[in-house]
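Position 1 is the first residue of the sequence, and the numbers go up from there. A quick note: this is a predicted structure, and the numbers were derived from the prediction, not measured.
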Amino acid sequence: MKPGIIIVALVSTVFCVGGGSYAADPPLQVRVVTPMGAITLELDPINAPVTTTNFLRYVDEGFYTGGRFFRTVTDDNQPFDTVKIEVIQGGANPARAGDAYPPIALERTSDTGLRHLDGTVSMARSEPDTATDSFFICVGDQPELDHGGSRNPDGQGFAAFGHVVDGIDVVRAINALPAAGQSLEPPVLIEKVFRVN
């Protein structure tokens, strides 16, 4: 590389080389289809390659067909949590639970530079390095889910790997559905998830 030339990569727009612009690959998008409408996610394989690759493995092998959005977290249904969040959580078809891949390493937001903002999609987990197929989508900005945040006692945060580009109204509608505690009753069927491009 010649001195003085700066290369900047923008995942979903262009590559700029020495002042010239060239079209980049189309953004990597997947569509989550539910009876309430579709949600289109744009993934970030550049900054969160491990998490994105893992999610796409479940997408491409049809794990999410017949899956569920099974959890909604709102201001009203977490009375014992001092740090409150708002998300919906989904996962693979329960009939395929025995076929899940091994857990993946946690890509911390301190390393990826991503943040849990309104519409961010991220991996659910218990301990660090335990995420498999379950994912969640933020409703509103949720900084306490970033590395160093207080929602999880270990402070390691969660692995953000993309964001909603269409269908945030569907996310909000699912978030507002009736629940027993945080369990959606009934859960919202995930009819299919597939790559848009």
Side-chain angles (χ1 to χ4, degrees), residues 29-43 51-52 54-59 61-101 103-104 106 116-127 130-146 149-153 157-194 196:
Q29 296 182 347
V30 300
R31 187 159 296 140
V32 181
V33 181
T34 80
M36 297 180 65
I39 304 163
T40 302
L41 306 173
E42 186 169 302
L43 309 185
T51 310
T52 299
N54 177 71
F55 184 75
L56 288 174
R57 179 168 53 179
Y58 285 101
V59 169
E61 296 185 21
F63 274 77
Y64 294 116
T65 300
R68 305 283 190 273
F69 282 105
F70 56 86
R71 182 178 179 221
T72 181
V73 185
T74 68
D75 280 340
D76 298 330
N77 66 13
Q78 45 189 328
F80 304 111
D81 292 309
T82 55
V83 177
K84 297 186 183 300
I85 59 169
E86 286 194 86
V87 302
I88 62 171
Q89 185 174 340
N93 186 331
R96 300 200 60 183
D99 300 325
Y101 285 99
I104 59 171
L106 173 61
H116 288 87
L117 305 175
D118 187 29
T120 293
V121 59
S122 189
M123 293 306 296
R125 67 171 181 87
S126 51
E127 303 299 320
T130 61
T132 54
D133 65 274
S134 188
F135 64 95
F136 64 87
I137 302 173
C138 294
V139 179
D141 293 354
Q142 306 297 330
E144 296 296 343
L145 299 176
D146 293 336
S150 301
R151 176 60 180 200
N152 195 304
F158 296 81
F161 66 101
H163 63 279
V164 174
V165 293
D166 189 46
I168 194 66
D169 56 325
V170 178
V171 174
R172 295 186 190 286
I174 293 172
N175 185 237
L177 288 173
Q182 296 179 5
S183 297
L184 285 166
E185 290 196 348
V188 176
L189 176 68
I190 296 175
E191 295 173 344
K192 59 184 175 179
V193 181
F194 60 93
V196 176

Inset, instruction - Output, in order, the C-alpha distance, side-chain angles, deciding distance and verdict of side-chain contact (heavy atoms from CB on, under 4.5 Å) for L56 and V30. - result: CA-CA 9 Å; L56 288 174; V30 300; 3.8 Å; yes

What's the separation between atom [atom1] in [X] and atom [atom2] in [Y], rounded to the nearest 0.5 Å?
X: Q29; Y: L43; atom1: CD; atom2: CG; value: 8.5 Å
X: R151; Y: Q142; atom1: CZ; atom2: CD; value: 9.0 Å
X: T130; Y: L106; atom1: OG1; atom2: CG; value: 8.5 Å

Non-hydrogen atoms of [X] and [Y] that approach each other most closely:
X: T132; Y: Y101; result: CG2-O, 3.6 Å
X: Q182; Y: V73; result: OE1-CG2, 3.6 Å
X: I104; Y: R57; result: CG2-NH2, 4.4 Å
X: R125; Y: E127; result: NH1-C, 3.2 Å
X: N77; Y: P79; result: C-CD, 3.3 Å
X: S122; Y: A160; result: OG-N, 3.2 Å

Side-chain ([X]) to main-chain ([Y]) donor-acceptor, under 3.5 angstrom:
X: T120; Y: H163; result: no
X: R68; Y: G66; result: yes
X: Q78; Y: I85; result: yes

Legend entry - Output field: ring centroids F135/F161 closer than 6.0 Å: no

Legend entry - Set of residues satisfying salt bridge (Lys or Arg N to Asp or Glu O under 4.0 Å) with respect to D118, sequence neighbours excluded: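 D118 satisfies salt bridge (Lys or Arg N to Asp or Glu O under 4.0 Å) with R172 once adjacent residues are dropped.
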
Inset, instruction - Using a cut-off of 6.0 Å, state whether more than 12 heavy atoms not belonging to K84 lie near its atom NZ. - result: yes

Find out whether [X] and [Y] are in side-chain contact, i.e. whether some heavy atom of one side chain is under 4.5 Å from a heavy atom of the other.
X: V32; Y: I137; answer: no
X: T65; Y: N93; answer: no
X: L177; Y: M36; answer: yes
X: M123; Y: F158; answer: no

Inset, instruction - Apply side-chain contact (heavy atoms from CB on, under 4.5 Å) to I174 and T72, showing your working. - result: CA-CA 7 Å; I174 293 172; T72 181; 5.6 Å; no

List the atom pairs, donor and acceptor, that lie under 3.5 Å between side-chain atoms in residues 184-191 and the rest of the protein, sequence neighbours left out.
none

Legend entry - I39/L41 under side-chain contact (heavy atoms from CB on, under 4.5 Å): CA gap, chis, key distance, verdict: CA-CA 6 Å; I39 304 163; L41 306 173; 3.9 Å; yes

Legend entry - For D133, side-chain contact (heavy atoms from CB on, under 4.5 Å) partners two or more places apart: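 Partners of D133 under the side-chain contact (heavy atoms from CB on, under 4.5 Å) test: Y58, Y64, A92.
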
